[in-house]
There are 2 protein chains.
Amino acid sequence: MQKQTLLTKNQQIIFDLIDRSPEPMKAYSILFNVQKKGIKAPLQVYRALDKLVEIGKIHKIESRNAFIACHNSSCQVAKATAFSICEICEKVTEISSAGLSKYLANFKDKDGMKYSKYNLEFFGLCKKCR
Amino acid sequence: MQKQTLLTKNQQIIFDLIDRSPEPMKAYSILFNVQKKGIKAPLQVYRALDKLVEIGKIHKIESRNAFIACHNSSCQVAKATAFSICEICEKVTEISSAGLSKYLANFKDKDGMKYSKYNLEFFGLCKKCR
DNA sequence: CTTTCTAATGTTATATTATTACATAATGTT
DNA sequence: AACATTATGTAATAATATAACATTAGAAAG
Ligand SMILES: [Zn+2]
Ligand SMILES: [Zn+2]
Ligand SMILES: [Zn+2]
Ligand SMILES: [Zn+2]
């Protein structure tokens with residue numbers, strides 16, 4: 001095995017693919033693209049995705065069932081994520097706003113409950129599509 | 001047909017079921033529960049769900065692929081939703097916070113982009129599970 | 001270096017979630 | 001009445017995700 005920060009073979013193959021993609025990738029599209037590298041079954045993909053999400057290298061866009069690489073060192077290991085999603089071209093951008101993350105990290109509900117994690121998805125039209 | 005605010009037969013059956021449920025319901029669980037009322041196919045359920053989401057009577061919890069009835073008049077027709085989700089018992093509560101909704105409705109990203117819609121999911125432990 | 005433990009992998013089958021396609025019926029509009 | 005729009009019924013299938021079980025590779029400990 002290896003240290004925490006190093007990826008295993010399957011994880012690395014799948015991370016590289018997602019990291020190079022200009023758009024979020026879906027699990028079966030990932031599967032199709034890595035079959036030539038010997039990853040043949042959905043479960044191999046899902047297991048790598050689970051791990052990559054867990055360690056914060058990628059994020060899942062829940063409303064799209066798709067995955068993007070994290071390019072935001074301040075989203076602390078997948079515990080605080082925010083995205084903007086264009087409803088026309090489906091472009092997804094990770095939002096990194098100190099103000100927003102501070103506001104949400106400190107948000108307490110009526111019962112004074114604080115949360116350990118959040119995911120926020122904004123929808124609208126991107127520059128190009130307006 | 002009927003006016004905007006009235007539900008059709010299938011929509012009403014499915015809304016009533018979700019509205020009475022103490023927890024978010026999944027599409028095929030809904031299907032199972034309404035089969036005795038004559039709704040036999042997944043598509044009938046998904047069509048009603050789509051419409052109910054569109055008019056703001058229910059919301060989809062994206063991270064769970066489940067649906068809950070809206071009990072918050074201030075979430076303007078499904079355009080601004082926030083939930084708290086317990087990671088142990090899976091209890092979901094719609095958050096209604098004037099401060100939060102104001103903050104998010106006015107949030108602008110670096111490019112000054114404003115968004116027409118958002119969905120926020122907080123995760124943590126509910127009172128009972130702590 | 002050998003034993004032991006754990007995480008990752010490989011493989012098959014299956015479960016769960018959601019949509020396409022096409023036909024029909026009901027309602028709204030003029 | 002004629003037409004447009006929305007909802008419904010039905011069958012088939014696509015897309016997303018997990019269960020179960022066997023095996024392998026590396027880490028940890030003595
Ligand atoms: Zn990130
Ligand atoms: Zn766009
Ligand atoms: Zn609501
Ligand atoms: Zn709980």
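Below, read A as the first sequence line, B as the second, and so on, with proteins coming before strands; counting in each chain starts at 1. Just so we're clear, the structure is a prediction, and the values are computed from it rather than from any experiment.
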Report task. Determine, step by step, whether A:His59 and A:Glu94 satisfy the side chain to side chain donor-acceptor pair (under 3.5 Å) criterion, reporting the C-alpha distance in whole Å, the side-chain angles of both residues, the deciding distance to 0.1 Å, and the verdict. Result -> CA-CA 9 Å; A:His59 302 302; A:Glu94 186 167 1; 3.1 Å; yes
Gap between atoms [atom1] and [atom2], on [X] and [N] respectively (whole Å):
{"X": "A:Phe32", "N": "D:dA14", "atom1": "CZ", "atom2": "P", "answer": "16 Å"}
{"X": "A:Ile61", "N": "D:dT16", "atom1": "CD1", "atom2": "C1'", "answer": "16 Å"}
{"X": "A:Asn10", "N": "C:dA7", "atom1": "CG", "atom2": "C1'", "answer": "13 Å"}
{"X": "B:Met25", "N": "C:dT16", "atom1": "CE", "atom2": "P", "answer": "15 Å"}
{"X": "A:Ile13", "N": "C:dA8", "atom1": "CD1", "atom2": "C1'", "answer": "13 Å"}
{"X": "A:Ile39", "N": "C:dA8", "atom1": "CD1", "atom2": "P", "answer": "14 Å"}
{"X": "B:Leu7", "N": "C:dA26", "atom1": "CG", "atom2": "C1'", "answer": "16 Å"}
{"X": "A:Lys51", "N": "C:dA7", "atom1": "NZ", "atom2": "P", "answer": "8 Å"}

Query raised in the report: Does any nucleotide pair with C:dT12 by Watson-Crick or G-U wobble geometry, both distances under 3.5 Å, and what is it?
Result: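 Pair assignment: C:dT12 / D:dA19.
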[X] side-chain N/O to [N] phosphate OP1/OP2 under 4.0 Å:
{"X": "B:Gln44", "N": "D:dT8", "answer": "no"}
{"X": "B:Lys40", "N": "D:dT10", "answer": "yes"}
{"X": "B:Tyr28", "N": "C:dT17", "answer": "no"}
{"X": "B:Lys9", "N": "D:dT6", "answer": "no"}
{"X": "B:Lys26", "N": "D:dA17", "answer": "no"}
{"X": "A:Asn65", "N": "C:dA18", "answer": "no"}

[X] side chain: which of [options] is closest?
{"X": "A:Leu43", "options": "C:dT17, D:dT18, C:dT20", "answer": "D:dT18"}
{"X": "B:Ala27", "options": "D:dA17, C:dA18, C:dA8", "answer": "C:dA18"}
{"X": "B:Thr8", "options": "D:dA17, D:dT8, C:dA18", "answer": "D:dT8"}
{"X": "B:Tyr46", "options": "C:dT12, C:dA8, C:dT17", "answer": "C:dT17"}

Report task. Start with the C-alpha distance between B:Glu90 and B:Arg64, add both sets of side-chain angles, then the distance that settles salt bridge (Lys or Arg N to Asp or Glu O under 4.0 Å), and finish with yes or no. Result -> CA-CA 9 Å; B:Glu90 293 291 323; B:Arg64 300 299 188 260; 2.5 Å; yes
**Report entry** Steps toward side chain to side chain contact (heavy atoms under 4.5 Å, CB included) verdict (A:His71, A:Ser96)
**Finding:** CA-CA 9 Å; A:His71 293 296; A:Ser96 107; over 6 Å; no
Report summary line: Given the options B:Val92, B:Thr81, B:Ile95, B:Ile61, B:Glu121 meets side chain to side chain contact (heavy atoms under 4.5 Å, CB included) only with B:Ile61
Query raised in the report: With ring centroids as reference points, do B:Phe122 and A:Phe107 lie under 6.0 angstrom apart?
Result: yes
Query raised in the report: Closest nucleotide of DNA chain D for A:Arg64 versus for A:Arg47: which of these residues is on the 5' side?
Result: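 Closer to the 5' end of DNA chain D: A:Arg64.
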